[in-house]
Structure formats: structure tokens, C-alpha cells
Amino acid sequence: MLLRRIAIPAFRRRASASALGGGLLVPHSRRAAFAMAATPPLARKVPRELAQHGDVRVDNYYWLRDDSRSHPDVLAHLRSENLYTATIMSDVKNLEDEIYTEIRARIKEDDIGVPLRKGQYYYYNRTLTGKEYVQHCRRLVPTDAPVTVYDVMPTGPNAPDEHIILDENVKAEGHEYYSIGAFKVSPNGKLVAYAQDTKGDEIYTVYVIDAESGKFVGQPLEGITSDIEWAGDDHLVYITMDAILRPDKVWLHMLESDQSNDICLYHEKDDMFSLGLQTSESKQYLFVESGSKNTSFIFYLDISKQSKELVVLTPRVYGIDTTARHRGNHFYIKRRSEEFYNSELIACPLDNDFQLFENHIAVYERQNGLPKVTAYHLPATGEPIGQLQGGREIDFVDPAYDVEPEQSQFGSSVLRFHYSSMRTPPSVFDYDMDSGVSVLKKIDTMDAINSVKFCCSEAQRLRGVAALLEGKDRVFVMLEDEHLAAAVLQDEGIMAGGRGCSKPARRMVLGGFDASNYVTERKWAAASDGTQIPMTILYRKDRVNLDGSDPMLLYGYGSYEICIDPSFGRSRFSLVDRGFIYVIAHIRGGGEMGRKWYEDGKLLNKRNTFTDFIACAEHLIENKYCSKEKLCINGRSAGGLLMGAVLNMRPDLFKAAVAGVPFVDVLTTMLDPTIPLTTSEWEEWGDPRKEEYYYYMKSYSPVDNVKAQGYPNILVTAGLNDPRVMYSEPAKYVAKLRELKTDDNLLLFKCELGAGHFSKSGRFEKLREDAFTYAFILKALGMAPKAAL
């Protein structure tokens, strides 16, 4: 588990309950309390000098950092900020509730994920109406037939019984936060190891249970990452962290033995490197990767051998980055170097991202900022491999989209992938790499849209299952109710047979959500140095004017070579259906356009990330997508750094900003090697102990550049237990803004006291945070009805 200041583009934020209900008249006795709560909290000043390279910075709010998260003064200040935020937002509480109801109504609460066939079972997750968490289930496979794209798990009275292995709703009882970071079934299917976090600090406890009875096997493993893998049926391999939460040791554990007797297989002592763990698709090897931001090397462990030892597969060479897979008598290695800047794929005897199969390889690449997938047939095991050629590229229909690999079966010809776009709901396909046939296994349904409750029949939902068939000659849709499906599909002009169907190019309605109402566009903005920056745009065509009068939410990230591909987000339609235009700026520092795109937005090029975002905003204004008075922006974590930087640089350009768990105290954090992530991220941001990096980072670090000027409306969020961005960073940022800003615009800070980087853990709790965020944006734009106080 490599910790990063990473963003989740679906806006995983949740609101606390408001202190006052919206729409209620407040009695006189409560008006004084309301007035007090409506006064912005002012953190006391305790000057602390921070000296480096002859430069002295004065931090008046350093005292807000409390590594124990328990100091009464710090907690009191955070609670006062939460109370102030709740008070100011109380007049739009009804709107927040309305948006929450809209978003939740778009979810099919009682649902199952796409079953994955492994061995003699189908494994899948089930959600229940009104429940926050999932059940982990399995069902026997009633046949020995090989896996094909037409494989369907039987259900109904004659099907094998469903067995609930683990119910997270039961496990979460009594915990304010609950998350399972790993759920691993043993090779023989008899045991399950799962990693549990009950604080949000991403420090896990691993339990092993009997898959049938649920009884615990042995004692739990404490204080580890979520990286766990089986090494046979009686051993586990796991990773622990050092004092700054850097994954630094990999361990071998024999079941039912004491953790103190576990064997350390490797200790990474270089504090710029962190460890990761992965099982090969063939299930014959474990790979241990030690990596920094520029370099990685790999060990392997042969699971079949009695002696469980790590063997070096690729050496540590600075600037060489490798990942590995296994098939037959070859390791397949993706290697990035100065010579092959965007990676090469090589094979080596046992003595780009890709998925390996017994007879195929699926290569995931990027072209013009978008992902593409090509499947190649491999020669028989033992034969020379040569160069890959004659591959079959999978076609996708949207102008911009997101496609991600799903877990597939190594011995089959079936590639499973997850697809969505800004207007296409998440869908799981099985693709036959021999025939080129795609089978839609599941498309997420939405039972309400357009801010109106929508009750649809099963037939109406079935009329939407073919939403992705446009432009496809052979795409099949798997349906559960065969007779109803046949009637509906016949009515829709779709050819049906058995439990599948195929149809010509056409996009259909999905349970009240009509994709034809929405437009997605791919546009490009010119950066200050002439570089073309891609943007993906979504709007509802009957709700916008495209004359500069429309409100907009512009999202950005731009770090760690992470690609923010344009995926589907149910929540954002509560803005889009209110006339908003939603845009993702694919700025440098991300990986959308290849390795150089990343290199041009890190270290001493980091300011390109911020100027790219500003250039995108200016382009959108100039081309009448919005105006300064209607432009809102959003980013989380490293994207929160982006928010802080552009607000200091161009506060006049934006009406409102949401900075989620923002990495804003860059210089102070990167000078302190005792803070998690600091040493491992010197290759991302730079090491400010070196003078060149110090002054460059100081030039954009948001806390260090807050000044006496007007700022737009700002909402800042944090999580007290966050191990990636300490809560004190956004707390200090808000305190300094309150001290210096010269405007009367909103400045709200909301800290979840029982959560971490990804906020609350429940699926509905996360929706509540989206609703809170959108209510803030509407309030800032003057688009929210106000309740009387």
C-alpha cells in the first residue's frame, strides 16, 4: 500500500449534521447563541520561527498540529469551526437534504456486483436497502464448463444457495468508521483473510476466518497495511510500516502462529522507497516491489516451494521503473527508462500496464490523453514470443471515457473491464479475446434523475441495458428475467436469444436517465507556454445557454502521474440538472498524456500544474462556457494544493472553491521527515533542504502565499485521522486566511473528527457530503433558497 496524497474524483466528502435545522424560526433565547456561533472562529497566534537557508518564516498557527489528535485546545478549535460551518449552512439545510435525496434515489440500494468465477465458486458483493456497507458472498458453480463471456451465475429457487462470508454491516456496528481494505480468499477456497480499519488512519488489523463458518483462525495481525496475499493455503505475506507510515518490511506468517514469530523477508531501509505486494495472474508467484517516484525494482517468491524466500527479478537502477507478471516459463516486465520514456514490454525466461492470460495478453495504453485496450494472442507456452503483433483493439463510443481492468481468470480467453463516461453509467464487460465479442455483464441502474423521484418498472429498467451498444456490431447484454427481457427487447427492436441479446447501433434510456439529454465534449486550452491542455466537458443540453451565463464546476488534480479519466458520477447530476456545466481539466502533473506530461508538472516544473488550470479556466470563460461570476472550482488532496495555489495566484477568476483535505502547507511538511509521506515524496515535490527546491516550493506553497487580498467563497474539509494530509494543514490554512483576507465572502472549514483522508466510510454518508458540498456551491452562487432564522 503506497500512501499518496491522492484524490478520488467522485468528491468523497460528507457533511456533519447542521447545528440548526433549515427553515426553523429561532426563538429569542436562541438568537444570542446563533449569533455567537455565526462569528468566525479566530485561532490564537503563537509565533514560531522556521529557519532554513537563511530565510525565516513565522508560523503563527503551528500549535494546531497535534500528532496525538487529543489536545483539548486543538479539538476545541476544530469543533468551533464545525459549529460555525453548520450554523452558516443551516439556511440551506433543506436544499442539502433535497440534493441528498436526489443522489440517493439514483442508487439501486439492493443490488449485487458482477460475480467473479474463481475455482468452484462465484464471488460477489451484495448491498441491501438502507445499509451502508456490503456483504461478501459466494455461490457454488454448478458446472465444470470453462469460463466464457456468456457465463451467468444461476439464481432462483433451483440455484445453489447463497452463502454470506462476511457482512460488513455487522462488523461495522459500534464503529464510527469502518473499512475493509483487502478481502483475500485462500487458494483452496476454505479461508478468508481480510484487513480492517476502524479509524480511517489506514493502519489495518488482519483477521483470518473460516469461509463457511465465519470462525476466526488464529490471532489477528496488528498494525499492517492493506497489502496481504496468500502464499499457499497456510501462509500469508503482509507489509508493515515504520514510524512515518512508510511501508518498509515484508513478512511471512504461518497460520495459527504468533505474529511475533513471523519472518521478515525484506526490510527496505532507504526512506525514499516504499514496498508493495502483488500476486501474479497465474497465482504461482508473489511480487514484492520497492519503489520511489522515479525508480522501482522487484523481488519474486515462488509459492510452490517449501522455502519461502524472495529472489531479485529486476535490480535497483536509478531511473528504471519496472512491474512484472508471469505466464508459463516467462516473466513479462513493463519497464520505463530514459530510452523508453513511456515504457516497453519485455519477456524474460524464469531462470504499459497489462493483463496476462494463459494464451493472451491485454495491453492498456494511452493515446491522445485517453486509454485504449489491445488484446494479443500469445504463442504456446515454451515457444519463442517475439514481438507482439496483430492485436485486436477494443472500440469505445464516447468522445472521452474511462476504462479500467477488472479481475479476470488467467486460464480463460475472457478479459473483464469496467467502462464509463461522463454520461454513460458504470458498466462491466466481458470481452472474448478470440472472437472480439463483448458481453455487458452489468450496467448500474439509476432509479431517479433530473431532481425528480422516478419509479420505473423492471421493463423500463431493461429498456436501458443497451446504453453502450452504439457503434458495436456484436455486443451482448446479459439479462436476468428471460421472458420479460424477450418481450421488452422485441419491443425495442433488439435481437434476443436465450439470456443474451445483440442489437445495431443505438443508445437507449437507462431507468429514467436519458443519456441523449447530455453532451460530452473534448476541448483543448492553450497553456502559457503553448502546450495544449485537454478538458472533458459535460452538460445537459436543454438546461444551458452556452453564452457565458451558465454556472460551472471545474475539477482538477494534476499530480503523481494519476490519470483523471472522465468517468461517470451520479452525484454531479444534481448540479448538471440545475444548469451547471461540469469540466475536468487534465493538467500537467497527471499521466493522461504520458510520462512527459507528468514530468512537466512535478519538481521544478510544478507551477505548470497551476498555470495550466488557470489557462483552462480562462479558455472556458473566453469561449462562453461560463463567466468569472459563475465559475466554481474543486480539488482534493494534491488537488487541494492546486486549489490553494490558484486562489493565491488568481483569486479574481473564481466565484467559489472547494478544497478537500488539501495539501497546503507544502514547505513545512516537506522539511519535516517525521511526517508521513515526506521522505518518499521528495522525488515528487522536491527536497527543500536543497536551496533551489526550497525557494521554488515557497513560491507556490498555499499557506506561505496567503496575503491581504480578496478571495472567493471557500469551503475547506479535513479528516482528523488522515495519515496522508495532516488535519493541521487545512486548519492552519483557514486560520491564516481568516487573519489576512480582505473580503466578506464565505470561508468555511469542516473537519471530520472520526474519519481520515477519504472522509466517512458509509456509502450513504459519502452522498451526504456531496450534498453538503453542492449546497455550499449553490449558496455561494446565490442559487439556493434561504430559510428564515
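Quick note: numbers below take in every heavy atom, side chains included, and nothing from hydrogens, waters or symmetry partners. All values reported here derive from a predicted model rather than from experimental measurement.
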Do the side-chain N and O atoms of [X] and [Y] include a donor-acceptor pair separated by under 3.5 angstrom?
X	Y	value
R325	S282	no
H136	N125	yes
T205	Q196	no
Y122	D151	yes
Y285	Q278	no
Y123	R138	yes
R104	Y100	yes

Might you point out which heavy atoms bring G276 and D227 nearest each other, and give the distance in Å? CA-OD2, 3.6 Å

Grab the two heavy atoms, one from P142 and one from P160, that are nearest each other, plus how far apart they are.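 Heavy atoms of P142 and P160 come nearest at CB-CG, 4.3 Å.
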
Which residues satisfy the ring pair (Phe, Tyr, Trp, His ring centres under 6.0 Å) test with F216, sequence neighbours excluded?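 In terms of ring pair (Phe, Tyr, Trp, His ring centres under 6.0 Å), with neighbours along the sequence ignored, F216 is linked to Y207.
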
Sequence neighbours left out, what passes ring pair (Phe, Tyr, Trp, His ring centres under 6.0 Å) with Y401? Give chain and number order. F396, Y419

Output yes when a side-chain donor or acceptor of [X] lies under 3.5 Å from a complementary backbone atom of [Y], and no otherwise.
X	Y	value
S408	R416	yes
K441	V149	yes
T101	D97	yes
S759	H757	no

Counterpart residues, salt bridge (Lys or Arg N to Asp or Glu O under 4.0 Å), relative to [X] (two or more places apart):
X	result
R763	none
R392	none
D402	none
E132	none

What is the distance from atom [atom1] of [X] to atom [atom2] of [Y], rounded to the nearest 0.5 Å?
X	Y	atom1	atom2	result
R423	L538	CZ	CG	9.5 Å
Y238	L277	OH	CG	12.0 Å
S280	Y332	OG	OH	12.5 Å
F417	F429	CZ	CZ	5.5 Å

Within the 4.5 Å heavy-atom criterion, are I564 and Y555 side-chain neighbours or not?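 A side-chain contact under 4.5 Å exists here.
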
Test: [X] and [Y] ion pair at under 4.0 Å:
X	Y	answer
D577	R540	yes
E168	R126	no
D111	K442	yes

Where do R106 and S574 land on the side chain to side chain donor-acceptor pair (under 3.5 Å) test, with the steps shown first? CA-CA 10 Å; R106 298 186 187 117; S574 285; 3.2 Å; yes

Could you tell me whether R139 sits above the aromatic face of Y121, with NZ or CZ closer than 6.0 angstrom to the six-membered ring centre and within 45 degrees of the axis?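 Ring-cation test returns no.
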
Is the distance between the ring centroids of F573 and F568 under 6.0 Å?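 Yes, the ring centres sit under 6.0 Å apart.
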
